[in-house]
Amino acid sequence: MASEDRELRGFSTRAIHAGQAPDPSTGAIMTPVYFTSTYVQAAPGDHQGYEYSRTGNPTRTALEENLAALEGGRHGLCFGSGLAATDAILKTMRSDDHIVACNDLYGGTFRIFRNVYEPFGIRSTFVDASDPANITAAMDESTRLIWIETPTNPLLNVADISAIVEAVRGRDVKVVVDNTFATPYLQQPLALGADLVVHSMTKYLGGHSDVVGGALITSDSEWAERLAYVQNAAGGVPGPMDCFLVLRGTKTLAVRMDRHEENARRVVGFLQEHPRVARVHYPGLESHPGHEIAARQMSGFGGMVSFVLVGEEEQDARDLVSRTRIFSLAESLGGVESLIEHPVSMTHGAIPREERLKAGLSDALIRLSVGIEDAEDLIEDLGQALDA
Ligand SMILES: *Cc1c(COP(=O)(O)O)cnc(C)c1O
């Protein structure tokens with residue numbers, strides 16, 4: 001592969017060049033968007049590596065190689081959404097297999113485990129993954145998968161990836177890490193011993209809120225082969241334009257993440273001083289329960305922040321999120337623009353109130369995806385919304 005011939009050591013160099021050699025037929029520096037469903041063969045079976053675009057498409061191949069290089073894995077596979085990527089993992093399992101997952105995982109992941117795959121006999125147990133002992137205690141003979149998200153949504157809880165890998169060593173289980181919040185720029189789970197990384201490319205990898213996609217990265221060649229089989233057999237693939245958009249996104253991932261984090265730190269500092277803010281959740285704060293682990297396993301703390309208003313009144317939080325002018329009120333995260341949302345009535349509305357409160361998810365919790373605008377403007381916007 002051309003990109004392996006060149007010396008692609010640093011993260012940003014890999015982001016810009018891995019998987020992306022200039023087009024040999026024209027010299028085009030950008031990977032062409034191969035809008036084609038099929039490929040002409042000289043004789044039956046005599047083709048140039050591509051037969052049909054569900055099985056393989058050169059724009060998708062470029063993105064798959066690019067993401068594998070960024071996560072430090074040998075194989076990358078792309079899907080039409082983050083959940084389609086998760087679905088492919090579940091399709092490599094069998095009935096009676098068991099999953100142990102963290103209990104504050106992405107709502108859609110919980111939904112596919114519980115409502116789509118449990119009826120097929122794939123059971124899941126949800127535990128607090130901040131202590132690896134909770135994971136091993138929940139395992140039984142049939143456990144095949146450990147599913148970790150770190151940092152989590154919206155409380156930014158942190159799980160110790162290498163401690164969990166160590167705790168399950170020697171057993172016939174694979175450790176999967178959803179690395180959507182951290183991105184490979186800040187955290188590389190495969191290097192910490194995880195077997196597979198899953199991404200919603202919709203978020204920071206795409207980075208511009210203009211595409212939905214998912215990806216899997218692993219160095220386990222046997223599992224990669226089964227996942228590629230499912231990718232083709234079940235067909236949850238992204239189109240070439242979607243792949244191009246994500247490839248454009250990963251080129252600037254490093255500079256965007258640096259700015260997301262710089263702005264998040266400024267916003268956190270402002271919120272901590274504000275009299276209407278009761279507490280701020282950000283793994284970069286020394287007071288955050290997962291700070292030490294995050295500092296060890298991540299190279300930065302990212303752009304997601306959540307906070308709770310004094311008084312813990314749901315209506316106060318609803319009023320606040322409706323008053324910001326630069327922070328847009330919307331679900332999703334990871335784009336260049338700043339977003340604000342109220343998890344209890346939006347992204348996390350499906351969780352019963354009792355369970356929510358037990359997990360520390362207050363009615364007055366507000367989540368920010370801090371964008372890359374000017375920090376002064378973001379702070380002024382939050383200030384006017386808090387003071388109104
Ligand atoms: C958005 C998200 C997903 C699901 O990805 P889609 O692209 O929306 O299907 C999974 N995990 C996390 C952490 C997410 O934020």
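Read the numbers this way: they start at 1 and go in the same order the structure lists the ligands and their atoms.
- Annotation: side-chain contact (heavy atoms from CB on, under 4.5 Å) contacts of A137 (sequence neighbours excluded): none.
- Using a heavy-atom distance under 4.0 Å as the criterion, the protein contacts of ligand 1 are S81, G82, L83, Y106, E149, D178, T180, F181, S200, T202, K203, G213.
- In this pair, F126 and F110 present their aromatic rings tilted. The plane angle is within the 30 to 60° band.
- Partners of A388 by side-chain contact (heavy atoms from CB on, under 4.5 Å), not counting sequence neighbours, listed by chain and number: R323.
- Listed for the T59 side chain is a donor-acceptor partner under 3.5 Å among the backbone atoms of P32.
- Applying the side-chain contact (heavy atoms from CB on, under 4.5 Å) criterion to D242, with sequence neighbours excluded, gives V211, P238.
- For F301 and H291, the distance between ring centers is under 6.0 angstrom.
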